[in-house]
Q: 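This is the structure I want to talk about, given as structure tokens.
The shown structure was predicted, so the numbers you read here are calculated from the model rather than taken from an experiment. Counting starts at 1 for both ligands and their atoms, following the listed order.
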Amino acid sequence: MDIDDTPVLDNHLHLDPVNGRNVAAAEEFASQGGTHLLVLNKPSWHLVEKATEAETFREVFDLTVEAATAASEVLDGCAWPVLGVHPALISKLVDDGYTPPEARDIMQTGLDVAAEYVDNGDALAMKSGRPHYDVDDAVWEASNAVMCHGFERAADVGCAIQLHTEGGEDFETVAGWAEDRGLDRMQVVKHYSGGRLRGPVKSVLADKDELEIAVETDEPFLMETDYIDDPDRPGAVLGPKTVPRRVRWLLENGHEDAVRTAHVETPADAYGIDTEATLER
Ligand SMILES: [Zn+2]
């Protein structure tokens with residue numbers, strides 16, 4: 001099997017139509033055999049001064065919807081927007097003088113707007129999570145409330161939710177919180193995951209060592225770069241060519257089944273997308 005025989009999905013990448021390379025990054029992905037993208041909105045503070053109102057979230061989300069539409073045009077497959085609120089927004093808001101409960105409410109408003117886009121068919125999935133760095137108890141509690149609100153809204157509109165969280169391998173409790181709110185754990189995707197994870201579906205950073213672990217573990221998984229499309233930080237993350245390159249490497253090493261898991265089966269089970277039917281070469 002050759003890379004041209006399979007869809008190739010990067011499960012988490014950012015495109016920035018304001019300051020970044022935007023469509024050029026999608027073209028680079030496509031040039032290496034990439035076919036499908038999930039395009040995440042950038043943290044709202046990167047694009048607008050202050051994301052505190054529903055209207056401000058809409059501005060940020062519209063840019064991502066636009067970027068995904070433009071990316072779709074250069075792909076043999078397609079690009080879907082994934083919208084939500086970066087968990088670190090809570091710290092920005094608290095630094096700006098909001099109390100943790102006030103910050104929580106603002107972020108939940110953002111998630112409500114994201115759910116509205118999914119409900120209207122303008123986005124595929126949502127994004128939430130909790131800080132990956134140490135925070136005080138009040139901020140931690142508010143962050144968990146925001147994430148659980150995300151689970152509720154994702155269950156309401158019937159979509160998956162990507163999580164940005166602290167590192168680690170055991171997120172069984174978090175998956176349980178989602179299930180308590182009516183969301184299947186197959187629709188909870190931990191972004192920036194290592195190869196081993198308990199609880200949600202893992203979206204493994206396209207690092208060879210971690211991918212090898214994911215292949216051995218033989219569970220559902222996705223692959224991502226978390227490309228940030230930020231001209232000021234060119235080497236900060238993996239580039240848009242990385243997922244197709246790793247797919248080629250997996251195929252060379254005989255891991256056809258794992259490629260099918262990460263690029264056909266898990267996308268179907270987590271998001272309800274058909275990466276084969278949406279592929280025209
Ligand atoms: Zn990201």
Q: Looking at the Zn ion (ligand 1), is one of the N, O or S atoms of H191 less than 2.8 Å from it?
A: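 Within the cut-off used here (under 2.8 Å), H191 places no N, O or S atom near the Zn ion (ligand 1).
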Q: Taking the Zn ion (ligand 1) as the vertex, how big is the angle to NE2 in H12 and OD1 in D226, rounded to 10°?
A: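 Computed angle, vertex at the Zn ion (ligand 1), rounded to 10 degrees: 90°.
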Q: Around D137, counting heavy atoms of other residues, nucleotides and ligands shown, do more than 12 lie under 6.0 Å from its CG?
A: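 No.
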Q: Do D2 side-chain atoms and D5 backbone N/O form a donor-acceptor pair below 3.5 Å?
A: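 A pair under 3.5 Å: no.
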Q: Within the structure provided, determine whether Y192 and H132 are in side-chain contact (heavy-atom separation under 4.5 Å).
A: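 No. Closest side-chain heavy atoms not under 4.5 Å.
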Q: Of the backbone and side-chain N, O or S atoms of H14, does one lie nearer to the Zn ion (ligand 1) than 2.8 Å?
A: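 Yes - counting backbone and side chain alike, H14 has an N, O or S atom under 2.8 Å.
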Q: Measuring only between side-chain heavy atoms, which start at C-beta, is F61 closer than 4.5 Å to D122?
A: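 No. Closest side-chain heavy atoms not under 4.5 Å.
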